[in-house]
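Letters A, B, ... are given to chains in the order of the sequence lines, protein chains preceding strands, and every chain is numbered from 1.
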2 protein chains.
Amino acid sequence: MSKIKVAIVDDHQIVRDGIKSLLHNEPGIEIVSEAKCGDTIDEMINESQPEVILMDISLPGKSGIELCNYVMKEYENIKVLILSMYMNEEFILNAIKAGAKGYLPKNTSKPELLDAIKAVYNGEEYYNENISQMILKSYVKNIKQEQESQEITETLSKRELEILKLFAEGQTNQEIADSLFISIRTVESHKSHIMQKLNLKSSVDLVKYALKNKIVEL
Amino acid sequence: MSKIKVAIVDDHQIVRDGIKSLLHNEPGIEIVSEAKCGDTIDEMINESQPEVILMDISLPGKSGIELCNYVMKEYENIKVLILSMYMNEEFILNAIKAGAKGYLPKNTSKPELLDAIKAVYNGEEYYNENISQMILKSYVKNIKQEQESQEITETLSKRELEILKLFAEGQTNQEIADSLFISIRTVESHKSHIMQKLNLKSSVDLVKYALKNKIVEL
DNA sequence: TTGCGTTTACGTGAAATACGTAAAAAGCAT
DNA sequence: ATGCTTTTTACGTATTTCACGTAAACGCAA
């Protein structure tokens, strides 16, 4: 069995050295190249023909996510394994969306790193327990958020949203009326409707609602 | 000249290995011990008598900052050099406050790491350019923020703050008047004064101001 | 076509705001 | 203690906004 060809992309020399020393005399693995960032990724791939790329997320220039996306498109046989400090859902989910085959924290043990490399090399996916749990949590959260967002867009009409936005930006009813070329009474009506729909009691709530739902910024 | 005795405290094996491989055959430096966290720091120090400790900030259990503080108190001759992914002001400033003699990003070059170790060993402090600049920026920023905060507390009286809070929480003027046992006109006056003082145009601005300055929560 | 939601708009009385004025009450300095 | 400043209190008036009800015009879908 030939060795698995592994490339490393990480801007921290210490991390690169650490990985190299970890995998140094592993019989099944060979480090064929390394890079600080993704600028020369094509060159690197063509020269060293890696089968697995260990990649950090935060890189100078293009992020690991973008890079992963690119590699997935151009070299579909190469497996990308993300090795990141950051264990937050956003990064992990983005990595998965971008086609990463695995995601490991940087404090991974040597056997886990080896397992992961072998797994992705064999076409499997590798996420450790923490990450699996996190994905699950995040999924549930997302669903909930989506539901909320849907509620808003379902409940409020375009016009109502527009008026809410202008109001929460600080315009008076008259200003809103003028800028939308409608009567001030209409603006008032819209606001009433919005309050009814969202079960809000005051303009203060209206402003807070707009901020919460990122219709306007603070 | 004897070798500088260096200890490593970092929960990422890869990082520890990376540092070791970087410093491996440096004539002036010797890695005398390493640890994943600060639980056994006393033991470690007593056994290996390090002169410089390379330390991560984010550690399981006690943070690098706390640990640094502790080491400074108990072993004042030991120099702590923080080696962190995180380049944000807060961490850096805290590290300095805790008595760290240097702060390096993890993507430090080998010569810089060597320089830093030698510098702190010789009783100097070592911060690279980025960090020096960051400290400066942060300092300026802090000053500004303090000024702003002062402005608020200077400008608004207790009563005004109280009324702003209740209003931003969603109470009507009448409710505020009732709960403070004052006339509704008084509440109105206060609000006017607040707006004048802060140069705000509408209640919307009032609410936003209260949110910005954390007088109320969203 | 009928029905439903959206957008438009008005009427009326109550509430809030803008802007000015001003007087007790409290705090502070000399 | 006395005077000065700030805070807190309050009102008047004109304007604006709110709450609540009503309703016409429009589009779209069953």
**Q** Measure the distance from CD1 on B:I163 to C1' on D:dA10 and round it to the nearest whole Å.
**A**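 These atoms are roughly 12 Å apart.
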
**Q** Using a cut-off of strictly less than 4.0 Å, decide whether B:N173 has a side-chain nitrogen or oxygen near OP1 or OP2 of C:dA15.
**A**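 Negative; the distance criterion is not met.
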
**Q** With a 3.5 Å distance limit and no angle check, can you tell me whether B:N122 reaches the backbone of B:E124 through a side-chain donor-acceptor pair?
**A**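 Not a single qualifying donor-acceptor pair exists.
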
**Q** Over how many whole Å does the gap from B:Q171 atom CD to C:dA16 atom P extend?
**A**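 In whole Å, C:dA16 P and B:Q171 CD are 12 Å from each other.
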
**Q** Less than 4.5 Å apart, side chain to side chain, heavy atoms only: is that true for B:T108 and B:P105?
**A**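 Of all side-chain heavy-atom pairs linking B:P105 with B:T108, at least one is under 4.5 Å.
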
**Q** Strictly distance-based, threshold 3.5 Å: is any side-chain N or O of A:T186 a donor or acceptor partner for the main-chain N or O of A:I182?
**A**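 Between the backbone of A:I182 and the side chain of A:T186 there is no qualifying donor-acceptor contact (under 3.5 Å).
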
**Q** Tell me, please, whether B:Y126 has B:K101 positioned over its six-membered ring: NZ or CZ under 6.0 Å from the ring centre and within 45 degrees of its axis?
**A**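 That pair does not qualify as a cation-pi contact.
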
**Q** Any chance you could lay out the salt bridge (Lys or Arg N to Asp or Glu O under 4.0 Å) test for B:D39 and B:K62, step after step, and finish with the verdict?
**A** CA-CA 8 Å; B:D39 292 351; B:K62 275 192 181 178; over 6 Å; no

**Q** Give a yes or no on whether a salt bridge exists between A:E188 and A:K191, defined as a side-chain N under 4.0 angstrom from a carboxylate O.
**A**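 No, no charged N to carboxylate O under 4.0 Å.
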
**Q** Are any of A:T186's side-chain N or O atoms less than 4.0 Å away from OP1 or OP2 of C:dT8?
**A**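 Checking C:dT8 against A:T186, no side-chain N or O comes under 4.0 Å of OP1 or OP2.
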
**Q** Using whole Å, what does the distance between atom P of nucleotide D:dT17 and atom CG of A:D178 come to?
**A**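 Result: 10 Å.
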
**Q** Using nucleotides 18-26 of chain C, report all nitrogen or oxygen pairs with the protein that are shorter than 3.5 Å.
**A**
residue: C:dA18; atom: OP1; partner: B:K201; partner atom: O; Å: 3.2

**Q** Categorize B:S183 for me: base, sugar-phosphate, or nothing, with a 4.0 angstrom heavy-atom threshold over every strand shown.
**A**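 Contact class for B:S183: sugar-phosphate only.
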
